[in-house]
Amino acid sequence: MFMVVSPDIKDLPYVLHRGVKCFELVAEPVVRELLPGVFMKGWGYNGSIPGPTIRVLPGDWVTIRVRNQLPEATSVHWHGLDVPNRMDGVPAVEPSPYIGQGQFYDYHFQIVNPPGTHMYHTHVDTVYQELMGLGGGFIIEDPYECTVQKDYFIMLQEFYLTGMVKGEVQKGHFELETMTDSFNFFTMNGRCFPHVSPLPVQYGEEMRVRFANIGMNAHPIHLHGHQCWISAIDGNEIPAYNRQLRNTVLVPSGVTLDIEFTALNPGIWPLHCHMPHHTSNNRTRATGGMFTTIRYV
């Protein structure tokens with residue numbers, strides 16, 4: 001099995017207790033460096049925006065203790081996972097509880113979904129809390145994976161930093177405005193290009209890139225120099241006979257989407273959102289934002 005890698009994001013560790021994988025997520029204010037010297041004051045998990053990636057296997061029993069160090073109640077929804085109703089994390093309409101300030105709740109369930117790409121995110125006051133950064137990746141890995149040699153996870157997010165002059169990138173610490181759909185910074189795993197880490201690959205390797213989006217906008221992600229198969233959507237594998245061969249894939253809000261391709265064209269290749277404003281930093285004319293590269297090594 002080849003491990004899924006989340007560039008610029010750590011994995012969430014666990015302790016095995018009586019056969020159960022025990023994780024701990026801490027919802028808390030986070031200062032995230034989008035670009036060198038450009039910091040946003042958001043909300044995240046375990047000191048990170050997006051939160052650390054949770055990696056499990058089919059059939060695992062998990063307990064995820066969520067501690068709330070935010071100034072208001074929160075919850076966590078396991079987006080795309082088939083869990084018991086009380087564990088789904090939507091307290092406004094389900095028996096899932098609110099997690100009050102300074103409190104914790106243990107989400108306990110078995111992984112019954114097949115291998116695939118999923119997410120977790122807040123489901124309290126989502127118009128505010130999600131756009132403050134409260135989300136992360138949840139990957140069910142395949143213990144029998146033998147076809148893919150490079151496997152990457154990228155979470156797509158967008159933010160509006162206040163107090164910065166449009167068309168300039170100024171250093172400092174900036175507050176977020178969530179009640180807007182006019183964003184000025186677009187991120188891959190919490191960073192903006194050129195501060196985003198590239199995705200290394202060797203010639204001849206099979207490569208998978210998993211995208212996840214909990215933001216407001218849909219993002220058409222374009223791969224240069226290669227054609228790729230859409231191999232899964234929402235954590236559900238697409239049979240080989242029914243896959244689309246593309247070089248641009250649309251990742252709408254609430255969707256995870258995997259692409260796969262064979263690395264047979266050496267070079268440094270862009271992989272980026274094709275919305276022009278989404279590949280700039282605060283509307284500057286230099287390349288930035290939701291942009292990374294695939295680099296043959």
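Listed by chain and number, the hydrophobic cluster partners of Val93 are Val90, where partners are ILVMFWY side chains within reach of under 4.5 Å, directly or through others.
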Going through the distances and angles, do Asp82 and Asn113 end up as a side chain to side chain contact (heavy atoms under 4.5 Å, CB included)?
-> CA-CA 7 Å; Asp82 301 334; Asn113 296 69; 3.5 Å; yes

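Two residues are said to be in side-chain contact when any heavy atoms from C-beta on lie closer than 4.5 Å; Tyr296 and Glu205 fail this criterion.
Between Lys171 and Glu33 no salt bridge is recorded (no basic side-chain N to carboxylate O distance below 4.0 Å).
The stretch residues 266-290 participates, sequence neighbours left out, in no salt bridge (Lys or Arg N to Asp or Glu O under 4.0 Å) pair at all.
For His118 and His79, the gap between ring centers reaches or exceeds 6.0 Å. Checked against a 6.0 Å centroid threshold, the rings of His272 and Phe291 count as neighbours.
Atom OG of Ser231 is separated from atom CZ of Arg208 by 5.5 Å, given to the nearest 0.5 angstrom. The distance from atom NE2 of His278 to atom CG of Asn217, rounded to the nearest 0.5 Å, is 4.5 Å. Here the CG-NZ distance, from Leu161 to Lys41, works out to 10.5 Å after rounding to the nearest 0.5 Å. For the atom pair Ile9 CD1 and Ile49 CD1, the distance stands at 9.0 Å (nearest 0.5 Å). Rounding to the nearest 0.5 Å gives a distance of 12.5 Å between OH of Tyr120 and OH of Tyr107.
Of the candidates Ile294, Thr293, Val297, Leu271, Pro198 forms a side chain to side chain contact (heavy atoms under 4.5 Å, CB included) with just one, namely Thr293. Just one residue in the list Thr63, Leu16, Ile54, Ile64 forms a side chain to side chain contact (heavy atoms under 4.5 Å, CB included) with Lys21, and that residue is Leu16.
Looking only at atom types and distance, the side chain of Thr117 has no donor-acceptor partner in the side chain of Thr256 under 3.5 Å away. The closest side-chain donor-acceptor pair between Gln101 and Asn68, if any, does not fall under 3.5 angstrom. Asn247 and His226 form no side-chain donor-acceptor contact under 3.5 Å, judged by distance and modelled atom types alone.
Counting heavy atoms of neighbouring residues, nucleotides and ligands inside a 6.0 Å radius, atom CZ of Phe109 exceeds 12 of them.
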